Amino acid sequence: MSEILKSEQSASSVKHLELEATPSPAYLDSDELILNMGPQHPSTHGVLRVILKLDGEKVMGTECVIGYLHRGVEKIAEHRTYAMFNPYVDRMDYVAAVSNGLGYCEAVEKLLNIEAPPRAQHIRVILAELNRLASHMLWLGTHALDIGAITPLFYTFRDREEILKIFEKYCGARLTTHAFRIGGCLYETYEGFEDECRNFVKFVRPKIDEYETLLTTNRIWVERTKGVGYISGDDCKAMGVTGPVLRASGVKWDIRKAQPYSGYQNFDFDIPVGTNGDTYDRYLVRIAEMRQSLRIIEQAVEKLPEGPVMAKVPKVVKPAVGEVYHGIESPKGELGYFIVSDGSTQPYRIRVRPPSFVNLQALDMMVRGALVADVVAVIGTIDIVLGEVDR
Amino acid sequence: MPQNYIPIFLFMLVALAIPVVTLVIAKAVRPDNPHATKLMPYECGIDPVDTARARYTVRFYIVAILFVVFDVETIFLFPWAVQFKMLGWFGFVEMMVFLAILVVGYVWIWKKGALEWV
Amino acid sequence: MPQWLQSVVDYVTKSNNTPGWYADPVASAIWALIYIILIFTGVSIAVIAMNWLERKILAHMQVRLGPMRVGPHGLLQPIADALKLLIKEDIMPDQADKVVFWLAPVTIVITAFTVYIVIPFGPTHAVTDMNIGLLFMLGVSSIGVLGIIMAGWASNSHYPLMGSLRSSAQMVSYEIAMGMAVVSAVLMTSFKGGGNFFRQIYGTGGASVGTLSMIGIVRAQEAQQTWFLFKFFPLGLIAFFIFAVAMVAETNRAPFDLPEAESELVAGFHTEYSGFRWSLFFLAEYAAMIAVSSIAVTLWLGGWMRPFASLHGPNVEIPNYWSGGAIDLAFALVPALTFFVLALFAFIGTVRMPKHRAFRVQTIGLAGFALALGFIGLVLLEPHVRDRVQDIFWFSLKVAVFMYMYIWYRGTFPRYRFDQLMHLGWKFMIPTGIAVLILTAALGLGS
Amino acid sequence: MADETKRTPSGQQSAQGGDKPPAGKAAIPEKPKVGEGSGAAHAAPPKPPGIAATPWEHERVARLKRLYGSAIKEALTYLGQNYLVVNKEAAFDVLRAIRDDENFDYLVDVTCVHYPDRAEPFEIVWILYSFPHNERLRVKASVKEGEKAASVVALWPTANWLEREAYDMFGVEFDGHPDMRRILLPDGWKGFPLRKDYGIIQQDTEWVKINLGIESGQ
């Protein structure tokens with residue numbers, strides 16, 4: 001019973017914000033200010049619009065207005081074949097395109113009831129983890145920039161460049177890679193791929209320490225992030241928040257461990273977990289995740305098996321009538337694809353379960369009663385990509 | 001030394017001339033294509049919901065009042081500091097009493113929560 | 001020869017570091033005018049240089065190159081930017097209060113520059129010597145807040161309003177702490193060693209007194225043979241620290257750049273400003289940065305005094321050149337050497353320029369720059385010039401250190417949140433300021 | 001483009017043509033088709049035995065069936081993924097029982113699938129996950145045009161935006177939702193783009209004209 005009561009309370013907290021100013025106590029009688037943050041704002045990470053109801057600097061409530069980047073990805077999917085839709089998913093979370101592609105290919109493979117060959121799975125893991133690193137680096141840079149530290153941005157972009165170089169060498173594209181195909185990978189690894197991955201791991205380990213020197217013990221950074229944007233583990237579950245945000249709140253849950261896919265069960269890595277559920281812990285969790293990703297890459301490169309990179313799959317796939325849901329751990333959280341097949345070459349319906357979209361919903365809960373500057377910090381710490389929120 | 005103050009007026013004249021002259025020059029050379037959307041107040045690309053001339057939170061006024069109180073007291077310290085040696089012990093004790101009153105007031109506003117922002 | 005002309009001639013020919021030329025009103029006015037022109041040119045050049053240096057230094061901290069295209073190593077970039085801003089459309093929102101909107105940048109620029117009136121770049125290098133110099137400085141810098149509020153209010157838009165309110169709250173809060181630190185410096189002027197000297201100049205007679213004159217404050221440090229930074233260690237240091245933090249807050253620079261917190265308030269109080277009006281805010285900001293750094297240098301770092309000013313070393317006689325203490329002589333060479341080193345860097349840069357037709361103009365430009373720096377170095381070797389200018393050199397060098405710190409802060413620190421900033425100002429800086437003041441007074445009684 | 005805008009799945013039609021599905025059994029007709037469909041279409045992918053949806057036998061289902069009986073119309077497993085087909089009237093209660101008694105504490109997604117040829121064309125899909133059991137489960141219920149589906153915002157607050165999106169895209173309203181508005185599309189937009197009868201390049205020309213001042217956004 002108390003469970004219901006609790007969730008009902010949190011449900012009311014995400015209620016639509018009334019735009020009319022509410023009368024406040026007479027002794028502190030100031031007008032409530034309605035402030036638009038975004039879509040043309042430096043730190044809403046794209047075209048997010050947040051309407052803030054302010055009392056001075058204090059946030060009384062927020063409402064997110066999204067959809068500025070809505071392209072109807074799900075509608076497009078219904079008019080493309082399975083293979084043709086593959087590049088579109090890269091455009092959702094464009095900073096983690098490899099993860100998107102991995103999730104999509106795996107979902108379709110599941111629908112076809114096939115599996116990618118082991119070598120392809122390893123390559124997928126390597127690229128997906130590199131992409132996780134790239135995504136976290138971009139997050140770190142922009143998040144630090146939101147809080148006012150401008151330098152980490154350039155450091156992380158410098159190092160992310162190395163990852164993009166590997167992508168470029170592997171599949172010719174840097175950002176929207178379209179690296180995977182249904183049934184495996186289109187390309188065999190290039191000459192020296194393993195060495196480059198190994199060198200990258202060696203190169204980037206001290207760089208992560210470098211970011212930490214700039215921020216982890218920086219007094220202002222700690223003051224700005226500790227206790228800011230708190231969300232409890234239970235609230236995370238109720239709000240469907242996943243990924244590093246959930247783990248920072250103390251819930252040890254990572255789909256790579258809970259429901260391993262693409263051979264993640266073969267690798268030895270830890271799930272970093274925070275305790276306080278605040279912005280600082282989310283920062284620490286992501287930093288630790290970067291180190292874990294390096295571990296996975298190292299192992300995957302060492303264990304990289306020989307063999308084909310592509311399963312026997314027809315050019316135009318035609319799954320049986322049926323539906324599957326497949327969720328993977330993207331850098332932002334649980335990225336799920338719900339695919340309904342009607343037996344034709346085109347999906348009947350593809351539903352993308354975007355982590356950014358669901359996580360963004362918790363923004364209001366996290367910033368109520370905080371200050372304007374915290375809103376920026378929390379938007380940064382949720383790590384949203386508007387391409388994925390709006391799809 | 002009144003002549004030491006003459007340069008101030010000269011200086012302020014020049015200081016005034018700089019922005020005025022540059023603004024006038026800029027006005028002469030810059031283009032001017034006003035448009036209704038350009039002239040709108042900036043609100044991240046959205047039409048503002050309400051006016052910006054509303055009453056703002058009272059916190060800022062508290063800060064303003066506290067500033068006036070403390071800054072005026074600081075002004076009293078300047079002549080004392082200059083004459084400190086001449087005033088000797090007497091001046092020191094006097095000023096300590098003054099500062100004690102100031103500190104009591106300071107502690108009071110702290111306890112009262114006027115220094116808490118949220 | 002009329003008396004005022006005589007004093008002008010005296011001033012040129014003698015470098016005896018006496019402020020006697022202030023005695024005659026006409027001479028005073030003429031010299032003030034010359035210094036006004038010098039200061040405005042100097043500050044403008046300094047702002048341009050600072051703009052370029054900030055972008056370059058920040059860029060190198062952030063593993064990138066910064067401006068490279070306009071002029072060799074982007075040296076002409078600030079000028080290009082200024083020209084661009086001049087011919088940029090200037091938009092005034094139609095709901096803005098036109099007069100106040102126009103007045104705001106003008107006010108800020110005037111206040112930012114007016115502070116320079118009281119800054120002594122050398123014992124004789126000042127527009128004027130006011131007996132209430134410090135008070136004047138504090139008063140003028142308070143008016144800067146007014147300009148920011150005017151800008152925010154006149155824009156009639158939310159972001160500027162919030163920015164300006166934040167800014168004013170921040171500036172007034174740190175002004176109190178700043179005042180406390182300044183008073184303790186004023187207290188120090190009246191202590192041991194300063195007494196006789198002031199009796200001579202200002203003729204107050206009797207007991208020794210302190211001074212609010214900026215020149216007087218440096219003189220006091222000269223007489224006490226110490227920078228106030230080291231006076232009553234660590235009291236002077238703490239007072240200086242309070243001032244150094246407060247001055248960053250006063251100039252709205254990182255990590256206290258909340259009024260224009262880009263990631264929250266877009267551009268803060270000058271969001272609605274564009275074109276040259278906007279650049280006036282930046283001119284004022286940089287001018288103010290240099291001004292407050294100059295004040296810090298004057299109050300705590302011995303102003304124009306070179307390091308170890310009390311040591312002169314054994315006398316040496318060099319015919320046709322200069323004679324005096326060996327240490328004096330060594331330090332006198334530093335300004336010229338500095339410029340030679342700069343010229344050397346520019347020269348190395350010239351040599352390393354790509355040998356390609358497209359870079360020819362740039363290479364020639366950089367070589368010219370190297371030559372100019374070298375020439376300045378040579379001129380500084382000339383005894384007369386050197387004697388008159390080395391004060392300015394040491395002063396500028398100290399200010400430059402502050403400027404570098406400003407850039408460094410910006411490169412390393414995240415931004416404070418507003419409540420944390422107010423917390424720091426009211427609950428840490430002000431009590432510390434009062435404590436330092438009381439302790440300084442108590443220690444001063446004994447000295 | 002006209003043929004595309006009106007596209008309804010041919011496979012679906014043929015499947016349902018032979019099946020003439022009764023109103024309540026909207027989700028089931030897929031099942032008998034599975035084997036022949038995949039066999040006829042292409043032989044390349046391997047055809048393991050688990051490809052057809054089989055009844056899901058589990059004490060969880062038994063418990064729920066005991067409580068809600070006929071409200072749970074189907075309990076199936078397809079490719080190792082379990083799902084329940086429930087009555088729309090009982091959906092809320094079943095979901096609450098699944099949350100409270102079966103510990104499915106995380107609502108992954110709420111979405112909708114449009115089958116225009118069915119009597120109840122909108123199939124709402126709740127995708128659930130249980131942290132304690134590490135198990136996924138889907139619950140499906142169908143509603144008619146204009147009918148309201150049960151909102152689960154009271155059970156899982158995360159459903160708020162997800163249901164708004166389903167409403168935005170399909171026009172299915174959720175009963176008991178605190179704030180049933182469009183979320184991705186602008187408020188005044190007409191039409192529900194993910195419905196099968198909504199063309200892929202179709203747009204609300206009137207809205208575009210009024211709000212953007214242009215003829216077409218394409």
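Nothing here was measured: the structure is a model prediction, and the numbers come from that model. All heavy atoms count here, side chains included; hydrogens, waters and symmetry mates do not.
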Could you check whether the rings of A:Phe203 and A:Phe200 sit parallel, tilted or perpendicular, using 30° and 60° as the cut-offs? tilted
Contact origin within A:Arg224 toward chain C - heavy atom pairs under 4.5 Å: both
Can you tell me which residue among C:Pro160, C:Ser168, C:Ser164 is in a side-chain contact (heavy atoms from CB on, under 4.5 Å) with C:Ile148? C:Ser164
Mind checking whether A:His41 and C:Tyr159 have parallel, tilted or perpendicular rings, split at 30° and 60°? tilted
Got a list of side-chain donor-acceptor pairs under 3.5 Å for residues 64-73 of chain C, not counting sequence neighbours?
unit_1  : atom_1 : unit_2  : atom_2 : d
C:Arg64 : NE     : C:Gln62 : OE1    : 3.1
C:Arg64 : NH2    : C:Gln62 : OE1    : 2.8

Donor-acceptor pair, side chain of A:Tyr280 and main chain of A:Thr216, under 3.5 angstrom: yes
Is a donor on one side and an acceptor on the other found under 3.5 Å between the side chain of A:Thr213 and the backbone of A:Asp209? yes
Positions in residues 281-291 of chain C that reach chain A, provided some heavy atom is under 4.5 Å away: none
Given a strict heavy-atom distance threshold of 4.5 Å, which part of A:Val375 is in contact with chain C: side chain, backbone, both, or neither? neither
Between A:Asp374, A:Val372, A:Leu214, the one whose heavy-atom pairs under 4.5 Å with chain C are most numerous: A:Asp374
Using modelled atom types only, decide if a donor and an acceptor are shared between the side chain of A:Asp383 and the backbone of A:Lys332 within a distance under 3.5 Å. no
